[in-house]
Amino acid sequence: ATAESARAVGHVLYLTGKYQQAIVEYEKALAIFEQMGRDVDYARTISGALQSLIYDGQYERAFRLGEQARAIFHAHKDRLRLARLDSNIANIYYRQDRFQEAVDLYEGAYREFLQCGEPLDIAAVLRNLAVCYISLNDFPRAEETYRLARQHCMEHGFSLLVAEADYNVAYLHYLRGEYLRAIELYDQTRKLCAELGDRYHQALCDLDESEIYLELNLTEGGTELAQDAFTAFTELGMKYEAAKAATFSAIAISQQGRHKQALESFDRARALFVKEHNDLWPGLIDLYKALVYYEAGENDEAEDLAVKALQYFSNSVLPSKAALCELLLAAI
């Protein structure tokens, strides 16, 4: 009973954004279940703890514990919990920008959920699949998956997940260049998230809207939104999102022509991503820094970084970034 209570408290702390405190409670539950030989409960606790570990940047530990849970669920032939575990492990891959690996696990979990899952399982995996399709630039599949996800959430009264779907649809409009529609949806979603007490998605709205403002060269508004997002994610203890906000803030500084400050800000953001074991964003920041050096007339530094970034993006799922590196090198 003490272990089950600790696990439940861990879930509540996770849902209120207190990830490190949640991990402490999950660890209490794990220790008791392991001592009692309650292997299924031990594995269930791991599965529930993974998202808190992810948000705290403990990726290697999350992978290691996930494999322990997989062995237990496999031994008990528990298809539903194996599918839930796959979905949770896919969240780690997504957070490390390993999108195709995430999609493979999400799609397998979705097939299982259609046979043995609950409505909330299906809602969550559809939302996550759609986000991955966006990251892979597969907009038609993303739009169709969002349509399915939103319809499913409306049918089952999942108001918070409807808000999350609207947030992600806004990002889809942004990527298509439909900026005004995206901004309208972000504003609507931000208001709904405030009513629901969802600080995380409120801050994500600020983060993504800052990206739009910066792309439109509305530097002042983009700077303010990026700083608001950075403050919120730092308070929530979410290093990955805070690093993205720091990157957008650095872009805003570079747009103002403050090259030295921009490069220092990019270096700070890059260090955060390296700590997160993220391979994609350091490459992006190398490209952003190369652009700053180019604008500052320091072509040797720009070329070195552009070549380094091109080596990464040539074999990545983002060929458009490789093209940008080549354009920059051609200009140099």
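- A distance-only check finds no donor-acceptor pair linking the side chain of D104 to the backbone of E101 [under 3.5 Å].
- Using a 4.5 Å heavy-atom threshold, the side chains of D86 and R70 count as touching.
- Panel note: side chain T247, backbone A243; a donor-acceptor pair is recorded below 3.5 Å.
- A donor-acceptor pair is defined here as one N or O able to donate and one able to accept, closer than 3.5 Å; no such pair exists between the side chain of E276 and the backbone of K239.
- Annotation: ring pair (Phe, Tyr, Trp, His ring centres under 6.0 Å) contacts of F266 (sequence neighbours excluded): Y288.
- Between the side chain of R199 and the backbone N or O of G17 there is no donor-acceptor pair closer than 3.5 Å.
- Using a distance-only test at 3.5 Å, with no hydrogens or angles considered, a donor-acceptor pair links the side chain of Y26 to the main chain of H11.
- Side chain of S254 to backbone of I251: a donor-acceptor contact under 3.5 angstrom is found.
- The backbone N or O of Q227 lies less than 3.5 Å from a partner atom in the side chain of T231, making a donor-acceptor pair.
- With no hydrogens or angles considered, no side-chain donor-acceptor pair links E224 and Y213 at under 3.5 Å.
- Outside the 6.0 Å centre-distance limit, the rings of Y240 and Y59 are not counted as a close aromatic pair.
- The aromatic rings of F273 and W281 sit parallel, their planes meeting at an angle under 30°, below the 60° perpendicular limit.
- No donor-acceptor pair under 3.5 Å is formed between the side chain of S47 and the backbone N or O of A43.
- Between the side chains of D198 and Q202, not a single donor N or O lies within less than 3.5 Å of an accepting N or O.
- Side-chain atoms of Q115 and R111 include no donor-acceptor pair closer than 3.5 Å.
- Under the 4.5 Å side-chain contact rule for hydrophobic residues, L327 and V307 do not share a cluster.
- L161 and M154 fall into different hydrophobic clusters, defined by Ile, Leu, Val, Met, Phe, Trp and Tyr side-chain heavy atoms under 4.5 Å apart, directly or through other members.
- Apart from M36 itself, the hydrophobic cluster it occupies contains I32, where clustering links Ile, Leu, Val, Met, Phe, Trp and Tyr at side-chain heavy-atom distances under 4.5 Å.
- L13 has its side chain out of reach of V24: every pair of non-hydrogen atoms, C-beta onward, lies at least 4.5 Å apart.
- Within the structure, the ring-ring contact (aromatic ring centres under 6.0 Å, His included) test picks out the following pairs touching residues 109-154 (sequence neighbours left out): H152-H156.
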Side chain to side chain contact (heavy atoms under 4.5 Å, CB included) assessment of R44 paired with F33: CA-CA 10 Å; R44 284 179 59 197; F33 285 135; over 6 Å; no

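- Put simply, the side chain of S210 gets close to the backbone of L207: a donor and an acceptor are under 3.5 Å apart.
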